Colleague: 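Below is a structure I'd like to ask you about.
Quick caveat, the model's predicted, so the values are computed rather than measured.
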Amino acid sequence: MTARRTVDNPADTATPRDTANATPATGTTDAPAPVRVGYGTLLRTPGAWTFLAPALLARLPYAMLSMGILLLVKDTHGSYGTASTVAAVAAVAQALIGPQTGRLADRYGQTAVLVPTVVVHAASVGALIALALGHAPAWSLFLAAAPAGASVPQIGAMVRSRWVAKFTADGASASSAARVSTAFAFESVTDEFTFVIGPILAAAVATSVSPSAGLVAEATLTFVGGLAFAAQRRTAPARILPQPGVRRASALASPGVRLLAGAFLGVGTVFGGMQVSVNAFADSVGQHGAAGTVYGIFAGGSMVAGVLYGVIAWRRAVQQRMIMSYALLVLGCSTLWAMPNLVALSVAGLVCGLAIAPTLISGYTLVETLVADGAKTEAFTWLTGAIGLGLAIGSMAAGRLIDGHGPSTGFLVPVAGAGLGLVALVSLRHLLTAPGGAGPVVAAAPERGAATQLVGAAKG
């Protein structure tokens, strides 16, 4: 398929890269000596902070939406089952529509997609809040939750696309491979940072101000951050338009992308099952306010693992690392249901969280090699959407189990979902090889001072 490339700004240029024939951005068949690029070097990339700062503001609400819905609807309708189902509707809508907005962003540009998206999101969340406070029937909450979830801006996928475009503008090289690898590790740490802060912020605002305040804060941050990110047009990736009469294939046409989406679906069930189950468990022991902290510890473990992942000079192929980290995730989740108190649950959640970031980093690294340039944002969004869909399934299943059998039974959902994902990964791992016969992807590792540099950059 031939394509023509257009840019949002004349200053933005990029060279098409055919991943089916060129050396993948994340590694080479011949496995040359790794080029080390640290987080400090990454963050000093010209123009990086112009999109990273607003992106952080816009991504923070991603982890607040489900928690905010859960807390508000539980307060107004008195049922974890109803609350988790409303949250699940929003997550399913996000999972199904998010990749389509990613595809539109690849074709028409990120700004053209983001501006109407954040406007619809703010209006939809406002309608959901009004209906919940008015004790409207559950079906009306579902109707409002669907557009609220569908309009969640896919900032994480868009940021990853900007990193890829910036570092591969001159074609594949050892240096660009190392930079993309480090950028993906950094983005996973950022994702987990939002999952640390988001639930805590939503729970704190909802409990200290009002049950609806968590969703008000979510909508406000999404609107302001999304518009600020959309304004950064100079760093947006080039648009790649198909030739007239030629239909561009979806990223989901790749069997490897479908496998990774299925694996990320399992990770999403861990997130969804944990959110609902931790809240219910904290309620059962009379410490509802501690739920956000416990979940934050779980996400914090993943954030720490993400930083360390970028420090280690890996020799194993990314495919192998993903299977290993996913197996560790299943092992960690298998202990959650047996924890007797919040302290023990926090420790178990921390251990479980340590496997999350390595799994996500490996998945995003692999999917970038499986699709052509014009489908990268869509591919990243399919993985993010799969997490959202898994979150929906996990939260709904956990809510039903909790209502019928008690809070501890909700923790069976994460191990079941992750277990199925591991079976799929192991049995179909041959699909994770990049097109064109490339060998296993071995991503170059960043320099060993990266963790210290990241902490320093965060403080700055």
Colleague: So do the side chains of Phe298 and Leu350 get within less than 4.5 Å of each other, counting heavy atoms only?
Modeller: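 A side-chain contact is absent here, since even the closest heavy-atom pair is not under 4.5 Å.
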
Colleague: Any side-chain to backbone donor/acceptor pair from Trp49 onto Leu43? Under 3.5 Å, distance only.
Modeller: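 Yes, because the side chain of Trp49 sits within donor-acceptor range (under 3.5 Å) of the backbone of Leu43.
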
Colleague: Check for a donor-acceptor pair, side chain of Ser302 on one end and backbone N or O of Ala357 on the other, with a separation under 3.5 Å.
Modeller: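 Confirmed, Ser302 side chain pairs with Ala357 backbone.
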
Colleague: Any idea which heavy atoms bring Ile69 and Ala83 closest together, and the distance?
Modeller: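 Scanning both residues completely, I find the closest heavy atoms to be CG2-O, 4.2 Å.
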
Colleague: Taking the side chain as every heavy atom from C-beta outward, state whether Phe167 and Leu42 have any pair of such atoms under 4.5 Å apart.
Modeller: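 The answer is yes; the side chains approach within 4.5 Å.
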
Colleague: Please report the interatomic distance CG(Leu342) to OG(Ser284), rounded to the nearest 0.5 Å.
Modeller: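 Between Leu342 CG and Ser284 OG, I get 7.5 Å after rounding to 0.5 Å.
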
Colleague: So with a 6.0 Å cut-off around CZ of Arg258, is the heavy-atom count from everything else above 12?
Modeller: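 Buried by this count: over 12 neighbours within 6.0 Å.
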
Colleague: Do other residues, nucleotides or ligands put more than 12 heavy atoms under 6.0 Å from Met324 CE?
Modeller: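 No, because the 6.0 Å sphere around CE of Met324 holds 12 heavy atoms or fewer from other groups.
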
Colleague: Please check if the side chain of His135 supplies one atom and the backbone of Thr76 the other of a donor-acceptor pair under 3.5 Å.
Modeller: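 The answer is yes, because a donor-acceptor pair under 3.5 Å joins these two groups.
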
Colleague: Under a 3.5 Å distance rule, please check whether Thr269 uses its side chain to pair with a backbone N or O of Gly266 as donor and acceptor.
Modeller: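 Answer holds: yes.
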
Colleague: Any non-hydrogen side-chain atom of Phe223 less than 4.5 Å from a side-chain atom of Val125?
Modeller: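 No, every pair of side-chain atoms sits at 4.5 Å or beyond.
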
Colleague: How close do Leu428 and Leu259 get, counting heavy atoms only, and between which atoms?
Modeller: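 Answer, listing the atom of Leu428 first, then Leu259: O-CD2, 3.1 Å.
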
Colleague: Does any non-hydrogen side-chain atom of Pro407 lie less than 4.5 Å from one of Asp283?
Modeller: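 No, their side chains stay 4.5 Å or more apart.
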
Colleague: Working to the nearest 0.5 Å, report the span between CG of Leu201 and CE of Met64.
Modeller: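 Atom-to-atom, Leu201:CG and Met64:CE are 4.0 Å apart.
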
Colleague: Is a side-chain N or O of Asp75 found less than 3.5 angstrom from the main chain of Leu71, in a donor-acceptor match?
Modeller: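 Judged by distance alone, no pair lies under 3.5 Å.
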
Colleague: Evaluate Leu401 against His405 for side chain to side chain contact (heavy atoms under 4.5 Å, CB included), listing each step before the verdict.
Modeller: CA-CA 6 Å; Leu401 283 173; His405 305 285; 4.1 Å; yes

Colleague: Measure the OG1-CG distance between Thr82 and Asp403 for me, rounded to the nearest 0.5 Å.
Modeller: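 So the OG1 of Thr82 and the CG of Asp403 are separated by 7.5 Å.
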
Colleague: Under 3.5 Å, is there a donor-acceptor pair between the side chain of Glu187 and the main chain of Arg160?
Modeller: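 Flag not set: sc Glu187 to bb Arg160 has no pair under 3.5 Å.
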
Colleague: With a 6.0 Å cut-off on the ring centroids, do Trp163 and Phe51 count as close?
Modeller: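 Distance test on ring centres: under 6.0 Å, yes.
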
Colleague: Give every residue pair that meets the side-chain hydrogen bond (donor to acceptor under 3.5 Å, both in side chains) criterion with at least one member in residues 346-361, sequence neighbours excluded.
Modeller: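 Passing the test, one end in residues 346-361: Ser325-Thr359.
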
Colleague: Determine whether a donor-acceptor pair (N or O, by modelled atom type, separation under 3.5 Å) exists between the side chain of Thr381 and the backbone of Gly102.
Modeller: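 Checked: no pair found.
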
Colleague: Please examine the side chains of Pro237 and Gln110, heavy atoms only from C-beta on, and report whether any two atoms are closer than 4.5 Å.
Modeller: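 The answer is yes, as the side chains (C-beta and beyond) meet within the 4.5 Å cut-off.
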
Colleague: Step by step, work out the side chain to side chain contact (heavy atoms under 4.5 Å, CB included) result for Glu378 and Gln100.
Modeller: CA-CA 7 Å; Glu378 181 194 350; Gln100 308 312 314; 5.7 Å; no

Colleague: Could you point out which residue of Ile97, Val118, Thr117 forms a side-chain contact (heavy atoms from CB on, under 4.5 Å) with Ser151?
Modeller: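 Result: among Ile97, Val118, Thr117, Thr117 is the only option passing the side-chain contact (heavy atoms from CB on, under 4.5 Å) with Ser151.
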
Colleague: Could you pull out the closest heavy-atom pair between Ala219 and Ala122, with the gap in Å?
Modeller: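 Taking every non-hydrogen atom into account, CB-CA, 4.4 Å.
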
Colleague: As an exercise, state the distance from SG of Cys352 to CG of Leu328, rounded to the nearest 0.5 Å.
Modeller: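 Between Cys352 SG and Leu328 CG, I get 8.5 Å after rounding to 0.5 Å.
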
Colleague: Rounded to the nearest 0.5 Å, what's the gap from CG on Leu72 to CG on Leu131? Could you check?
Modeller: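 Separation between the atoms: 10.5 Å.
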
Colleague: Looking at every non-hydrogen atom in both residues, tell me the closest pair between Ala58 and Ile155 and how far apart they are.
Modeller: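 What the structure gives for the nearest pair is CB-CG1, 3.8 Å.
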
Colleague: When rounded to the nearest 0.5 angstrom, what is the spacing between OG1 in Thr85 and NE2 in His77?
Modeller: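 Between atom OG1 of Thr85 and atom NE2 of His77 there are 12.0 Å.
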
Colleague: Could you check if a side-chain atom of Val209 sits within less than 4.5 angstrom of a side-chain atom of Val216, using non-hydrogen atoms only?
Modeller: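 No - every pair of side-chain heavy atoms lies 4.5 Å or more apart.
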
Colleague: Apply side-chain hydrogen bond (donor to acceptor under 3.5 Å, both in side chains) to His121 and Glu218, showing your working.
Modeller: CA-CA 10 Å; His121 185 74; Glu218 185 276 337; 2.7 Å; yes

Colleague: Restricting to salt bridge (charged side-chain N to carboxylate O under 4.0 Å, His left out), what partner residues turn up for Arg162, sequence neighbours left out?
Modeller: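 Here no residue qualifies.
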
Colleague: Minimum heavy-atom separation for Leu432 to Leu370, with atom names?
Modeller: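 Of all heavy-atom pairs spanning Leu432 and Leu370, the closest is O-CD2, 4.1 Å.
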
Colleague: Determine the minimum heavy-atom distance between Ala144 and Ala127, stating which atoms define it.
Modeller: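 It is CB-C, 4.4 Å.
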
Colleague: Donor-acceptor pair, distance only, cut-off 3.5 Å: does the side chain of Gln275 make one with the backbone of Ser66?
Modeller: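 Side chain of Gln275 to backbone of Ser66, a donor-acceptor pair under 3.5 Å: no, none is there.
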
Colleague: Quick one: does Tyr326's side chain have a donor or acceptor within less than 3.5 Å of a partner on Leu425's backbone?
Modeller: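 Checking the backbone N and O of Leu425 against the side chain of Tyr326, no donor-acceptor pair under 3.5 Å is found.
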
Colleague: Before giving the answer on ring pair (Phe, Tyr, Trp, His ring centres under 6.0 Å), spell out for Phe264 and Phe271 the whole-Å C-alpha distance, their side-chain angles and the decisive distance to 0.1 Å.
Modeller: CA-CA 11 Å; Phe264 275 45; Phe271 287 134; 9.8 Å; no

Colleague: For residues Val426 and Arg429, determine if any side-chain heavy atom of one lies less than 4.5 Å from a side-chain heavy atom of the other.
Modeller: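 Result yes, sub-4.5 Å side-chain heavy-atom pair found.
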
Colleague: Is there side-chain contact between Phe184 and Val164, with heavy atoms separated by less than 4.5 Å?
Modeller: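 The answer is yes; the side chains approach within 4.5 Å.
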
Colleague: Test Leu265 against Ile387 for side chain to side chain contact (heavy atoms under 4.5 Å, CB included), laying out the working first.
Modeller: CA-CA 5 Å; Leu265 182 75; Ile387 294 176; over 6 Å; no

Colleague: Start with the C-alpha distance between Met274 and Phe411, add both sets of side-chain angles, then the distance that settles side chain to side chain contact (heavy atoms under 4.5 Å, CB included), and finish with yes or no.
Modeller: CA-CA 7 Å; Met274 285 287 288; Phe411 291 114; 4.0 Å; yes

Colleague: So, using side chain to side chain contact (heavy atoms under 4.5 Å, CB included) as the criterion, who are the partners of Leu96 when residues are at least two apart?
Modeller: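 If we apply the side chain to side chain contact (heavy atoms under 4.5 Å, CB included) test to Leu96, skipping adjacent residues, the hits are Val92.
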
